[in-house]
Every structure is written in structure tokens, then in C-alpha cells.
Amino acid sequence: MEIPHPLTIISPHLEDAVFSCGSLLAASRQALVITVFAGLPGPELTAPAHDSAAGFASARAAMEARRHEDARALSTLGADPVWLDFLEQQYGQRYDAVSIALRLGRLLALQPGGTVVAPMGLRHADHMLVNAACMLVREAAFADLPETVPHGDHDGHVAPFRWIFYEEAIYRRMPGATQSRMVGWWQEGLLASPVHMPISVFTAQKARAVQAYESQLALFSPAQLADVCAPERYWSLDAIDVHR
């Protein structure tokens, strides 16, 4: 697969798109990154354990610093950020997939066409929720196609976006994480196939962008740091042909 243009990447948290798709972002140079859980907590909320370990006294100070880091990293890769106002789970807020899907759907409707790259939804509750929302948006688009037209057909009845999914760095290294997600898709009647793109030459550019996330990198183990710079992996989904 050639580098897709235009490209939109859905990121659960402020660093996920660069950690998981930094080489693809560098190859694209004009991508849009929509971060779902980028909302600013109230100034009165004390820092939860994760933010406190990163050296922040308040949750708001942590998110403001992380937004700054994200803007710097994406600028390095030539990408533009869109920060939604949903709060991370660690700040005590709970959302449903439908409310997130509605926001994503409205944003994507403003820029029809191109490729959307969404998280597989591995392990972390925020990631799983964003994946569920993306699946709702994806299925809503395909639901508008005539039943006789297969997904991805290019005869004028094509869904407004091509969807591919990325393995989230850090979480993909957990035993069985990726395999479990693929089994889940299979049970839903979807077959995951690997998508290969010429992005390996952009690894050094990704590594420079990753360095912008100073507050998060300080919390990572050597194995987690190594996974951030491991080769990126992407998957497409197709309906299983029950007649084969």
C-alpha cells in the first residue's frame, strides 16, 4: 500500500499516535491527528498517581504540559493536532462509545475521503472505548452502501474513508493482546489482514518526535521504550466470505 493521502489518525491519548504511528506520520507529512482524551481537567483536581509520578502537582498542569509536548512532536512530523475535550479515565470520567462516535463522525464528515487509521483497542480501557467508537463510525459508513456492493469496492459506491487499524505501542507487547483482538474481530465476522507501507526509512524522524514526550518517557521501562521504536504494524478489515 502506498502512503495514503489525505490521512487521519485517531489517537486515544496525546502520545499514542506518535508512539504507534510516528513513521507513518513522517511519511505522510500532512496528516491530521485527532486525540480523543485530550480534555483539560478542572484546576481543583489533584494529580492522580500517573501524573504525580511524572512530577505534576495537578491534573490540569499534567494535561497542559502533555498538550505542549504533543504539539511539538506533531509539528516535527508535519502533522496537525485536533484535541477533543473528553477526559481520561484516570480523572474519574466515564463515557460511552456512542458519544465519542458522534463527535468523531461529525469531524470526519468535514473532511470526506482519504484513510482513517484507528487504534485496535488493546488492553487499556480508554483504547478499547476509542476502538469501539471507531468501529461504530466505520460500520455506519458501510451501512449506507448497497448490500450488493462489497466493502472497499471502487465503482462509485465506496465508503467515504478507507479504514485501517494500528497496534498500540506498549500494549501490543502484552502476551496475546493482538491475537485476542483478532479473535474478537473474527467472531464479529471480520478478517484482519496485514497492511504493509514503505515507512521504515522514517524511523529516525519518528524517534526525534518521540523525544518530545519527556513527561511520559520518564515513566517507561527499557522494554517499553524499545517497543515504542519497534516496527509499526497495521491491519485492514474485510467481511469474512462465508461462501468460500
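Quantities reported herein were computed from a predicted structural model and do not represent experimental measurements.
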Note to self: Please give me the minimum heavy-atom distance between L24 and P4, naming the atom from each residue.
What the structure shows: CD1-CD, 4.2 Å

Check: For W185, which residues count as a ring pair (Phe, Tyr, Trp, His ring centres under 6.0 Å) partner, sequence neighbours excluded?
Finding: F165

Next item on the list: Would you check if the side chain of S180 reaches a backbone N or O of G176 as a donor-acceptor pair within less than 3.5 Å?
Entry: yes

Checklist line | Closest contact, heavy atoms only, P81 versus A79 | finding: CD-O, 4.1 Å

Next item on the list: Could you note down all residue pairs passing ring-ring contact (aromatic ring centres under 6.0 Å, His included) where residues 95-123 supplies at least one of them, sequence neighbours left out?
Entry: F86-Y95

Next item on the list: For L136, enumerate each residue passing the side-chain contact (heavy atoms from CB on, under 4.5 Å) test, keeping only those at least two apart in sequence or located in another chain.
Entry: A97, V98, A101

Margin query: A62: which residues meet the side-chain contact (heavy atoms from CB on, under 4.5 Å) condition with it, sequence neighbours left out?
Written below: D51, F56, Y91

Check: Can you find a pair of side-chain heavy atoms, one from V195 and one from M197, that are under 4.5 Å apart?
Finding: yes

Check: Can you list the residues that meet the side chain to side chain donor-acceptor pair (under 3.5 Å) rule with R173, with sequence neighbours excluded?
Finding: none

Checklist line | Partner residues of D85 under the salt bridge (Lys or Arg N to Asp or Glu O under 4.0 Å) criterion, sequence neighbours left out | finding: R103

Note to self: For R172, give me all partners under salt bridge (Lys or Arg N to Asp or Glu O under 4.0 Å), at least two apart in sequence or on another chain.
What the structure shows: D227

Notebook entry, point to check: What closest approach, in Å, do W235 and P194 show between heavy atoms, and which atom pair accounts for it?
Noted result: CE3-N, 3.4 Å

Next item on the list: List for me each residue that meets side-chain contact (heavy atoms from CB on, under 4.5 Å) alongside M174, sequence neighbours excluded, and say none if there are none.
Entry: R123, Y171, A177

Donor-acceptor contacts under 3.5 Å from residues 25-35 side chains, at least two apart:
unit_1 : atom_1 : unit_2 : atom_2 : d
R29    : NH1    : T76    : O      : 3.3
R29    : NH1    : L77    : O      : 3.3

Next item on the list: Using the side chain to side chain donor-acceptor pair (under 3.5 Å) rule, collect all pairs that involve residues 187-216, keeping only residues at least two apart or in two chains.
Entry: H50-Q216, E69-S215, D70-Y213, K206-E232

Check: For L40, which residues count as a side-chain contact (heavy atoms from CB on, under 4.5 Å) partner, sequence neighbours excluded?
Finding: R60, M63, E64, R67

Please table the atom pairs, donor to acceptor, closer than 3.5 Å between any side-chain atom in residues 6-17 and protein atoms at least two apart or in another chain.
unit_1 : atom_1 : unit_2 : atom_2 : d
S11    : OG     : H13    : O      : 2.5
S11    : OG     : A17    : N      : 3.0
H13    : ND1    : D16    : OD2    : 3.1
H13    : ND1    : H127   : NE2    : 3.4
H13    : NE2    : D126   : OD2    : 2.8
E15    : OE1    : R66    : NH2    : 3.1
D16    : OD2    : H13    : N      : 2.8
D16    : OD2    : H127   : NE2    : 3.2

